[in-house]
Novice: 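Structure in structure tokens, see below.
Starting from 1, each residue takes its place in the sequence as its number. Both counts, for ligands and for their atoms, begin at 1 and track the order of listing.
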Amino acid sequence: MLQDKIKQLREEIQVLPQPTTEEEYESLRLKYISRKGALNEVISDFKSVPKEDKREIGILINELKQVTEEKFQTFRASLDQASESSRLLDLDLSRSAAQIPTGGRHPLNLVRDEIIRIFGHLGFSIAVGPEVEDDWHVFEALNFPPDHPARDMQDTFFVSHDPQVLLRTHTSSVQTRVMGEQEPPIRIICPGRVYRNEAVSARAHCFFHQVEALYIDEHVTFTDLRKVLLHFAHEMFGPETQIRLRPSYFPFTEPSAEMDISCNLCGGKGCSFCKHTGWVEILGCGMVHPNVLEACGIDSHHYTGFALGMGIERITNLKYTVDDLRLFSENDLRFLSQFQSEK
Ligand code: DAH
């Protein structure tokens, strides 16, 4: 009897155990629900059921179909879930993660931080001042009288019609701010951006960066300055680097000097970079002029000090042989990404 066959099949399907492999599932699928499977066999038997029994048997077959469908859906779902968890188990959690590309640091910042590090070890702390400055801090207190020809050395951007307000042309202005506010001993390093009214080219820019250093205390001498400069050159450019000081002139220092280092490209033998002299200029320095100390309220009979100032672009050019200043401010990633920092 078809009823019995349906009942038996239904019971059989209801107690089928969960297949644990795709192969087991497949053989159950073939046996029960494929085109030639047991379920379809029952359905085709239905054709020969006498009319009066069709309703009752039809209901049984529908129930059987529903039970079978549910059963196979459960089988499928737990097989899928098992394969997902075994995929997760296959994960190698100790494998190192894919590298996320990080940005490089700007070469000027790398060099600035290196300068700060070197002077920091000598006890210099960082001081900052405003970029929009007044005439007194940039010129007047630094011993540039109003009609002093040294003012022509720096082409200044004025911020308004008032010639008292300007963009600082050097970070020496931070010296005068700190000296006006602090009692010696003063040992500071002042990194920052400065502005000059220059046409932009490979060799000049209307803004660039400087680091100024200032040391004021009792009995500070030129020898102290020389020692600090030598230490700086060795730390920045390597222990084989030599320095030489040439007499120079700045209104705010007396005596004043410019420092050259032995060319770090040719080791001092002479090359096109150092114009075959074996030396390259890197900074200006000197003993703080007594007029500057007095203008800032420091007793020049009691205290002495030295100051030095350098361009960060200049040091970076030497360290990384960059020969066009414009590269530093164009934000071209092809240039910048060459300076992936180790830190
Ligand atoms: N302020 C100078 C400039 O911008 C650089 C400089 C020279 C700073 C000599 C100093 C110094 O402190 O002693 O060109």
Novice: Counting distance only, does the side-chain N/O of H170 pair as donor-acceptor with the main-chain N or O of V138 below 3.5 Å?
Specialist: yes
Novice: Any nitrogen or oxygen of A307 lying under 3.5 Å from a nitrogen or oxygen in ligand 1? Just yes or no.
Specialist: yes
Novice: Going by the angle between their ring planes, with limits at 30° and 60°, are F144 and F252 parallel, tilted or perpendicular?
Specialist: tilted
Novice: Tell me the nearest of E212, M287, R196 to atom 3 (C) of ligand 1, using heavy-atom distances.
Specialist: R196
Novice: For ligand 1, which part of L308 has a heavy atom less than 4.0 Å away: the side chain, the backbone, both, or neither?
Specialist: backbone
Novice: Pairs in or reaching into residues 307-320: which pass salt bridge (charged side-chain N to carboxylate O under 4.0 Å, His left out), with residues at least two apart or in two chains?
Specialist: none
Novice: Under a 4.0 angstrom heavy-atom cut-off, which atoms of ligand 1 come close to T253?
Specialist: 13 (O)
Novice: May I ask you to list the atoms of ligand 1 that are less than 4.0 angstrom from any heavy atom of S172?
Specialist: 1 (N), 8 (C)
Novice: Would R196 and F208 count as a cation-pi pair here, with the cationic atom under 6.0 angstrom from the ring centre and within 45° of the axis?
Specialist: no
Novice: Looking at ligand 1, is there an atom of it that comes within less than 4.0 Å of some heavy atom belonging to F252?
Specialist: yes
Novice: Any idea which atoms of ligand 1 are less than 4.0 Å away from a heavy-atom of Q210?
Specialist: 3 (C), 4 (O)
Novice: Is the shortest distance from a Lys or Arg side-chain nitrogen in E22 or R76 to a carboxylate oxygen in the other one below 4.0 Å?
Specialist: yes
Novice: Counting each atom of ligand 1 from 1 as listed, which ones have a heavy atom of Q175 under 4.0 Å away?
Specialist: 12 (O)
Novice: Atoms of ligand 1 less than 4.0 Å from G286 heavy atoms?
Specialist: 13 (O)
Novice: Would the number of heavy atoms belonging to other residues, nucleotides or ligands and lying under 6.0 Å from CZ of R203 be above 12?
Specialist: no
Novice: Do any heavy atoms of E258 fall under 4.0 Å from ligand 1?
Specialist: no
Novice: Is there a donor in the side chain of H205 and an acceptor in the side chain of E198, or the other way round, less than 3.5 Å apart?
Specialist: no
Novice: Only counting residues at least two apart or in another chain, list the ones meeting side-chain contact (heavy atoms from CB on, under 4.5 Å) with P290.
Specialist: S300
Novice: Say whether M310 and ligand 1 are in contact under the criterion: heavy-atom distance to a ligand atom below 4.0 Å.
Specialist: no
